[in-house]
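Scroll down for the structure; my scribbles are underneath it.
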Amino acid sequence: MNYASVIVTYNRKSLLPQAIDSVLNQTVSPSKVIVVDNASTDGTDTLMKDKYSDDSKVEYIRLSENGGGSAGFYSGLQAAIKENVDWISVSDDDAIYEKDYFEKIAKQIKENPDVKAFAGTVYNNDEIETLHRRRIKNWNIISEEEISVDEYRHNFYCDLVTFVGVVFNKDLIKKVGLPEKDYFIWYDDTEYSLRVRKYTKILNVSDAKIFHKVNSSKVQGWQPNWREYYGMRNKIQTIKKHGHPYLLARAYIYLFFVKKMVGNTVKSERKGYRRYMYRSFIDGFNDGIHDRLGKNDRYLPSVKIEKD
């Protein structure tokens, strides 16, 4: 298996070396590891220079500004398809591959020559994170469901994957194109999966493990989330692109918006932040309908969320 591995990072200097080394130390070694830095401000550039500048397998790409995960994966795949490889994997800086991950993927590549996209099982500690592998329930309106833990007892096909440990054939990427770089965050991987499914099935190799080092501690109570704006906007964009027929998909977009607004009104935990959430849903809806993409300066982690 001849492959390159793309890792997108932003301000995670303490964990990034573990993510990179988990690829370099695979039983089936990569030809190249491409690290895309979304203009980190925590000294990631110095880390990469000090630790990896002499490693010919590691290529470091630092973007001039933080364009979100979507811009990172766009840039990473853009660079990777220029490499002399057959396969390309994608992951974030908090994804740690088990050492035989690509060995197990390689085995399934040989056994399934018609499949051009593979994934593994994502764990958080000892628990499977089922949100990373999903199926479409209704292709007209792109409604989806997570695949149950029971199915992970064997390999299975899925329709939607997050960019955590997915391996694409390079020729497939050339057919499908690059991810939507202007989504900023959320739904870029879902939209890309829908394009991939036009050409190939996606096989999850269930005994290939990747560990997602996210903070698993529970936040007490509901908290407002700036990402909801992008969730609304990008979901609308995805349905506009892939939902059909046109009138049914458009009707569902408006129904989805109304449900979000009603939910914000009746849920008691939203008290104190209803105005912010109304605004984020309305802005996301309007921008999604009118194809206004990219980073929105009103919705960033650095922007303080004011109470009503």
Side-chain angles (χ1 to χ4, degrees), residues 67-71 73-74 77-78 90 114-117 119 130-147 157-163 166 168-169 171-203 225-266 277-296 298-299:
S70 61
F73 287 114
Y74 177 96
L77 288 178
Q78 186 179 50
V90 290
D114 294 333
V115 177
K116 303 303 178 183
T130 56
L131 63 91
H132 297 279
R133 314 293 181 234
R134 308 181 307 282
R135 289 199 184 98
I136 295 292
K137 293 192 297 182
N138 186 325
W139 285 89
N140 300 104
I141 58 176
I142 319 298
S143 66
E144 59 190 76
E145 62 183 355
E146 296 177 8
I147 293 170
Y157 292 110
C158 55
D159 298 314
L160 304 175
V161 293
T162 62
F163 286 155
V166 189
F168 298 114
N169 182 270
D171 289 337
L172 172 69
I173 296 171
K174 290 180 176 180
K175 290 178 182 177
V176 170
L178 299 172
E180 290 284 358
K181 66 178 179 180
D182 291 327
Y183 271 28
F184 190 69
I185 192 171
W186 283 10
Y187 271 92
D188 53 327
D189 41 21
T190 295
E191 192 280 327
Y192 199 71
S193 298
L194 292 169
R195 280 190 270 158
V196 164
R197 285 291 286 111
K198 294 178 181 179
Y199 295 94
T200 181
K201 294 179 179 180
I202 304 172
L203 180 62
N225 191 339
W226 59 272
R227 297 175 182 86
E228 291 287 350
Y229 159 81
Y230 298 99
M232 171 68 74
R233 185 194 71 184
N234 296 344
K235 180 167 184 173
I236 288 171
Q237 277 287 299
T238 299
I239 295 172
K240 282 181 67 177
K241 287 183 64 175
H242 298 282
H244 59 82
Y246 175 84
L247 290 178
L248 176 61
R250 278 302 178 106
Y252 177 74
I253 286 171
Y254 283 89
L255 176 62
F256 172 69
F257 172 69
V258 170
K259 288 175 65 177
K260 295 287 278 188
M261 295 294 280
V262 171
N264 190 56
T265 302
V266 302
M277 296 306 296
Y278 284 137
R279 190 188 77 188
S280 67
F281 292 150
I282 292 169
D283 287 349
F285 176 80
N286 286 330
D287 288 350
I289 288 292
H290 294 101
D291 304 328
R292 293 191 290 260
L293 302 180
K295 179 170 62 176
N296 187 320
R298 297 180 75 180
Y299 300 100

So, using ring-ring contact (aromatic ring centres under 6.0 Å, His included) as the criterion, who are the partners of [X] when residues are at least two apart?
X      : value
Phe285 : Tyr254, Phe257
Phe73  : Phe163
Tyr229 : Tyr299

Could you pull out all residues at least two apart from [X] that satisfy side-chain contact (heavy atoms from CB on, under 4.5 Å)?
X      : result
Lys259 : Leu255
Val258 : Val262
Arg135 : Ile147, Glu151, Phe156, Asp159

Classify the ring geometry between Tyr252 and Phe256 as parallel (under 30°), tilted (30 to 60°) or perpendicular (over 60°). parallel

In a table with atom names and distances, give each donor-acceptor pair under 3.5 Å that connects a side chain of residues 179-188 to protein atoms at least two apart or in another chain.
from, atom 1, to, atom 2, distance (Å)
Glu180, OE2, Lys241, NZ, 2.5
Tyr183, OH, Thr238, OG1, 3.4

With sequence neighbours excluded, what pairs up with [X] under the salt bridge (charged side-chain N to carboxylate O under 4.0 Å, His left out) test?
X      : result
Lys260 : Glu228
Arg279 : none
Arg250 : none
Glu144 : Arg134

What distance separates [X] [atom1] from [Y] [atom2], expressed to the nearest 0.5 Å?
X      : Y      : atom1 : atom2 : answer
Lys174 : Asn169 : NZ    : CG    : 9.5 Å
Ile173 : Leu77  : CD1   : CG    : 5.0 Å
Tyr199 : Leu172 : OH    : CG    : 8.5 Å
Asn234 : Thr190 : CG    : OG1   : 9.5 Å

Over all atoms of both residues, closest heavy-atom pair of [X] and [Y]:
X      : Y      : value
Ser70  : Gly67  : OG-O, 3.8 Å
Val115 : Lys201 : CG1-O, 3.5 Å
Ala249 : Asn140 : CB-O, 4.1 Å

If you measure only the distance, is there a donor-acceptor pair under 3.5 Å linking the side chains of Asn225 and Arg227?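 Their side chains do contain a donor-acceptor pair, which is all the 3.5 Å distance test asks for.
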
Please determine whether the number of non-hydrogen atoms from other residues, nucleotides or ligands lying under 6.0 Å from atom NZ of Lys295 exceeds 12.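 More than 12 heavy atoms, drawn from other residues, nucleotides or ligands, come within 6.0 Å of this atom.
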
Checking side-chain contact (heavy atoms from CB on, under 4.5 Å) for the pair Arg292/Asn286: CA distance, chi angles, key distance, verdict? CA-CA 8 Å; Arg292 293 191 290 260; Asn286 286 330; 3.8 Å; yes

Verdict with reasoning, Leu160 to Ile136, per side-chain contact (heavy atoms from CB on, under 4.5 Å): CA-CA 7 Å; Leu160 304 175; Ile136 295 292; 3.5 Å; yes

Can you pull out every salt bridge (Lys or Arg N to Asp or Glu O under 4.0 Å) where at least one residue sits in residues 230-239? Sequence neighbours excluded, please.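 Every candidate salt bridge (Lys or Arg N to Asp or Glu O under 4.0 Å) pair involving residues 230-239 fails, so no pair, neighbours aside, qualifies.
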
Please test Arg133 against Thr162 for side-chain contact (heavy atoms from CB on, under 4.5 Å), starting from the C-alpha separation and ending with a verdict. CA-CA 7 Å; Arg133 314 293 181 234; Thr162 62; 3.8 Å; yes

